[in-house]
Structure formats: structure tokens, C-alpha cells
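For reference, positions follow the sequence shown, starting with 1.
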Amino acid sequence: MPVLNIGSKSDDWRACRLSNFSADAFVLDGVRMASVEGFIQGIKFFYWDSTRRQAFESVGVEAKRLGKTAKRFFVWWQGRTIPHGSSEHHQLIERAIRAKFEQNSESMNALLATEGMTLTHDLGYPDPPKTSLPARVFCDILTRIREETLSARK
């Protein structure tokens with residue numbers, strides 16, 4: 001089975017579009033995000049922290065940079081305090097990733113164009129211990145969305 005390594009610096013257009021760094025705006029629970037990465041980083045900051053809004057409006061490396069200043073014990077969404085790295089946290093990120101694909105047809109087309117491929121996210125080093133979204137979890141989410149969408153279209 002062919003393998004596609006997802007990353008914003010890939011030579012493959014699909015890998016770039018599937019990256020959380022891609023500038024695919026979406027709305028989740030009435031809040032507009034410029035990218036999945038912006039969402040992932042922004043929820044690390046409490047509601048009144050100006051970095052939260054700044055991250056939500058950011059893409060790529062800029063969003064990632066903003067998140068580096070967060071404490072990473074909890075994330076905050078819709079009045080809930082969620083332990084960072086928990087399954088509930090990963091489910092919330094999955095909702096954001098799903099929103100990206102549901103609201104951006106070009107991104108969904110890129111995902112569907114990976115049919116029959118194994119998705120990986122190998123940046124050449126192991127996941128940092130406090131990563132918000134481990135590579136395995138990220139690829140499982142993308143694969144699940146792809147397979148569900150393909151099944152629904154048959």
C-alpha cells in the first residue's frame with residue numbers, strides 16, 4: 001500500500017492540504033478559525049487571554065509559535081476545562097479537523113485523493129512529550145474521516 005507523509009513542506013499537494021498548517025478557515029461552534037493549527041494552539045489559552053484570539057486567526061508556523069508559550073495542562077472550549085492530551089482533548093481536535101474538511105471542498109478532495117494510501121506524519125523526530133496531537137492520533141482521525149466519507153458516497 002502506498003504511503004503519504006503529511007506535512008506542510010511536502011512536494012505532494014495532498015500532503016500539504018491535509019496538514020494542520022494549511023490555511024483552510026472553518027467555523028466550529030460559532031467561532032471562526034483560520035486553520036486547524038490555530039485552533040489547536042488557541043484552545044491552550046484561557047478565554048480572556050489575547051493570545052487565544054491571535055492563535056485562532058493564525059496559520060502554520062505562526063500559530064505553532066504562539067502555542068509554545070502555553071502551559072499545556074488544560075485546554076478550554078465552550079465553558080469546559082479539558083485536560084491537555086486527554087481523549088476528550090483529542091475528540092475536540094477531531095471535531096475541528098472534521099469541520100475543516102466539511103467546510104473546505106478542496107481539502108476534502110485532497111483527503112479523498114488518498115484513497116488506498118496509508119497516511120503518516122513523520123517529521124524526522126519523535127512527537128514531543130506534551131504534543132497536543134500525536135502523529136498516530138492525527139493519522140487515525142484523517143483515515144477515519146476519509147473512510148467514512150468514501151463509504152457514505154457509495
*Asks:* Do Leu66 and Ser58 come close enough that some side-chain heavy atom pair is under 4.5 Å?
*Replies:* yes
*Asks:* Side chains of Phe138 and Ile6, heavy atoms from C-beta outward: is any pair under 4.5 Å?
*Replies:* yes
*Asks:* Hey, can you tell me if Phe74 and Trp76 have their rings parallel, tilted or perpendicular (30° and 60° cut-offs)?
*Replies:* tilted
*Asks:* Just how far is it from atom CG of Asn5 to atom CE of Met117, taken to the nearest 0.5 Å?
*Replies:* 10.5 Å
*Asks:* Any ion pair linking Arg98 and Glu148 (charged N to carboxylate O, less than 4.0 Å)?
*Replies:* yes
*Asks:* Between Arg17 and Glu106, does any NZ, NE, NH1 or NH2 come within less than 4.0 Å of an OD or OE carboxylate oxygen?
*Replies:* yes
*Asks:* Taking the side chain as every heavy atom from C-beta outward, state whether Glu37 and Ser22 have any pair of such atoms under 4.5 Å apart.
*Replies:* no
*Asks:* Are the side chains of Arg95 and Asp29 in contact, using a 4.5 Å heavy-atom criterion?
*Replies:* yes
*Asks:* Applying a strict under-4.5 Å side-chain criterion to I, L, V, M, F, W and Y, I'd like to know whether Phe26 and Met108 cluster together.
*Replies:* yes
*Asks:* Which heavy-atom pair separates His89 from Pro83 by the least distance, and what is that distance?
*Replies:* CB-O, 3.5 Å
*Asks:* I'd like to know if Arg144 pairs up with Asp140 as an ion pair, taking the criterion as any Lys NZ or Arg NE/NH1/NH2 lying under 4.0 Å from an Asp or Glu carboxylate oxygen.
*Replies:* no
*Asks:* Looking at Glu57 and Arg32, is any side-chain nitrogen of the basic one under 4.0 Å from a carboxylate oxygen of the acidic one?
*Replies:* no
*Asks:* So, taking the atom named CG in Leu28 and the one named CE in Met33, what distance separates them when rounded to the nearest 0.5 Å?
*Replies:* 6.0 Å
*Asks:* Just so I know, are the side chains of Glu115 and Leu150 near enough to count as touching, which here means a heavy-atom distance under 4.5 Å?
*Replies:* yes
*Asks:* Report yes if the distance between the aromatic ring centroids of Trp77 and Tyr47 is under 6.0 Å, otherwise no.
*Replies:* no
*Asks:* Could you pull out the closest heavy-atom pair between Asp127 and Ala135, with the gap in Å?
*Replies:* OD2-N, 3.0 Å
*Asks:* Taking side chain as C-beta onward, heavy atoms only, is Leu4 less than 4.5 Å from Thr118?
*Replies:* no
*Asks:* I'd like to check Phe45 versus Phe56 (side-chain heavy atoms, cut-off strictly below 4.5 Å). Are they in contact?
*Replies:* no
